[in-house]
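Written out below as structure tokens is the structure these notes cover.
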Amino acid sequence: MMPTRYVPGHSSAIRKSRLDSKPSMLPVRRQGSTDRTSTEARRPSATGARSSSAEPARSTIGVARLSKDASVTKLSVGRARSQTGEPRPTTTPLRSSQYSRPTTTPLRTPEDRSSRSWETCLERVLAFVTVKDQRQISSVAWQRAEYSRVSAALSARGATGAPLLRPLTIARFVDIVADLLSAIIGDVKLSTDNYVTKLPHLAKRLLYPSPVSKSWLKTVNTLHAFPQALALIAYLLDLATHCQMPVSDDWLFISKDDVSCLRREYLNKCWIRFQEPPGDQFDDLNEDYLHRLRALLGDDDDKILQLEQNIKEYERRLEDAEELAARAEEARRVERRDALLAALRSVRGARRGAAADAAALRAAARDHAEALRMLDSEIERASAEIEQLRAELEQQPLSVKERAALLDKVDYATRVHDSKRALAKQISKMLASKESELAQWQKSTLDACVEYKQLLICLCTQLPALAHLAVDEKELMDEECAVFMARAVETLREEGARLAAKKAELLRSRSMLGRKRAVLLEETRSKIADMKSSMQREQQALDAEVAKESSDAAAWSHEQQQTSARLEQLRANREEHAKVAAELAFWEKQDAAWRAKLSELRAYVSATRALVHQRACAARENRAARLRDTLALWRDKLGC
């Protein structure tokens, strides 16, 4: 039995078992791929399918040029890694790098979240914002109205030149959009070269509700793209107008009632008065604020007195005996009403519970009646079937012997069928075991072929003439393969004998060269000993001269260091003396200046003290006068 996988000219990615869905033990044939690592070479027969990122296919051992690339030769055979449980590496050995990852899942470039700017965060948020455009861009009436409005607004702005023309030119469209965008977000550096790539991003950033595609941007100078261009210009024009609208004071405050407006006006006046020269008072502002606040709130003294009298009258009435009795009666009525409402709620709850119980009992009675009806119908049907079977049994013409003979035949046929089924199961098991043995034999054959090819590749690097002895996996099950392998073995044996003879000859020449090398080595050693003795004598003389020169150099360097240190000390002393002299001159000048300033300040302090004393006396007199006026006013009011 030959599996489908090894039929010449046909390949199957995964072999399925034909017996009870049992997985086959045959190795799975995989196509070539560069995303799977293999420690051994791969099969040459699977070089048809390659990854698009792999190198071009190179010649295998069947041609003159040899290749060491495992992803090209594909000599690896055996069971798939998914069946053997071996891990699947994700990179090709000869194409690995420092960026290799242990998985084929795409990975973003690492990004430091703390380094994101607010513009980047805003763009990431706006990428999820979706706004639906409510404008009827395709409507002719809308286009006419917007065209007239936009033309008038652009003419009024004056920065973009003439109004809109239909159809627009690309340069005119870019100028209008660039001017509007500069009024909204600053200089965007928009030109006819980059407007197709920049405008979709800027429109998304400004939450433009309609799509801005590159197709109509490239053909913005045509009639069919004019509505989209008009809609974009109208949106940007409205946005620029809103951004350039002056800000009023009412926008700065949340509370806009009369009291808040009056308070803001009072604080504004006080701030203006505070910025003026000292000495100004705030009494007039306080009086004005109180007067306007009373007028706004309706604060009248006569009305307040009347309301106080009314409150006292109502309090006196509430303390009467009749009012207390009426209030007690009202409290009793409220308590009785609450008790009646509680009793009514309890009665209604009981009624609802009783109604629910009655409904449940009625539903249970209906279910029981339905079950009884179904049982009655089932009993009637079973009785009819029994009567029919009894009548059929009475009408049968077979005798007891014939019936027994038929039963014996049926029993014999059943036993024959069971034995055949058991035999079929046994044959199936035997077939599965044979197929497993065949699969193991084929696997061992493929492993031997792989080992043979690996060793042949190693030999071919030294002996290219043996490249024609390679065997294809598809030819392993052919009859000619045995004859070819016998010839290959004879050839390899002859080559081995030739190499063994060559090895013996090389060993003989090697021993002869070893003897010659030993003689030369002894001569060389004697010459090296003579050279070492002469070199030691020369080195001793050289060391003595070097020691003498080093001692002289050390004495000279010590004397030079002492002289340099003394020069540095003298320079430091000179700089210190110059610095002290400069500081003495500076502080003498400062002393004279401060003495002059001190005399001026003493004169200013004496003059200021006299002025302060004079103003304090005037302020005391003014405050005493105001206090007398206030007391007189209160006396007049209390006297009234």
Side-chain angles (χ1 to χ4, degrees), residues 116-254 256:
R116 292 180 182 171
S117 61
W118 67 270
E119 296 179 351
T120 305
C121 297
L122 178 61
E123 291 175 358
R124 291 172 66 89
V125 171
L126 293 180
F128 297 94
V129 177
T130 303
V131 183
K132 186 177 181 181
D133 196 357
Q134 303 294 335
R135 300 176 297 179
Q136 300 178 358
I137 298 177
S138 59
S139 175
V140 179
W142 180 87
Q143 293 177 13
R144 289 175 180 173
E146 285 296 305
Y147 177 75
S148 59
R149 185 180 71 85
V150 171
S151 297
L154 291 177
S155 300
R157 288 178 65 88
T160 56
L164 288 177
L165 297 177
R166 186 176 182 182
L168 279 172
T169 61
I170 294 178
R172 176 64 179 155
F173 173 75
V174 171
D175 292 340
I176 295 174
V177 174
D179 180 71
L180 295 176
L181 287 175
S182 63
I184 299 171
I185 58 177
D187 187 11
V188 294
K189 296 180 181 179
L190 200 67
S191 63
T192 55
D193 298 330
N194 60 4
Y195 80 99
V196 177
T197 57
K198 276 193 173 184
L199 272 183
H201 176 69
L202 293 174
K204 183 66 177 179
R205 188 175 177 182
L206 296 175
L207 297 180
Y208 182 64
S210 295
V212 180
S213 59
K214 295 182 180 180
S215 58
W216 71 261
L217 285 175
K218 292 178 181 178
T219 59
V220 74
N221 55 350
T222 58
L223 290 176
H224 72 274
F226 183 77
Q228 286 83 357
L230 179 62
L232 178 61
I233 293 173
Y235 181 83
L236 295 178
L237 180 62
D238 295 340
L239 194 58
T241 304
H242 181 74
C243 291
Q244 293 176 350
M245 186 181 299
V247 180
S248 62
D249 295 339
D250 294 338
W251 293 5
L252 302 177
F253 303 99
I254 299 177
K256 299 179 182 180

Starting at OG1 of T219, measure out to NZ of K214 and round the result to the nearest 0.5 Å.
-> 14.0 Å
Rounded to the nearest 0.5 Å, what separation is found between the CG atom of D175 and the OG atom of S191?
-> 10.5 Å
Separation of K189 NZ from S182 OG (nearest 0.5 Å) = 13.5 Å
Decide side chain to side chain contact (heavy atoms under 4.5 Å, CB included) for E146 and L237; before the verdict, give the C-alpha distance in whole Å, the side-chain angles of both, and the deciding distance to 0.1 Å.
-> CA-CA 11 Å; E146 285 296 305; L237 180 62; over 6 Å; no
Looking at CD of Q134 and CD of Q136, how far apart are the two atoms once the value is rounded to the nearest 0.5 Å?
-> 9.5 Å
Measuring from Y208:OH to D133:CG, what's the distance to the nearest 0.5 Å?
-> 6.0 Å
Approximate separation, where rounding is to 0.5 Å, of D238 CG and H242 NE2 | 10.5 Å
Side-chain donor/acceptor pairs under 3.5 Å, residues 225-236, sequence neighbours excluded:
from	atom 1	to	atom 2	distance (Å)
Y235	OH	L206	O	2.8
Y235	OH	L207	O	3.2

Closest non-hydrogen contact found for A240 with L180 is CB-O, 4.2 Å
T197: what forms a side-chain hydrogen bond (donor to acceptor under 3.5 Å, both in side chains) with it, not counting sequence neighbours?
-> none
Minimal non-hydrogen separation, L217 against F173, with atom names | CD2-CE2, 4.1 Å
Taking C-beta and beyond as the side chain, do L202 and V177 meet within less than 4.5 Å on heavy atoms?
-> no
Test applied, side chain to side chain contact (heavy atoms under 4.5 Å, CB included); reference residue, L199; option that passes from L190, V174, V188 | L190
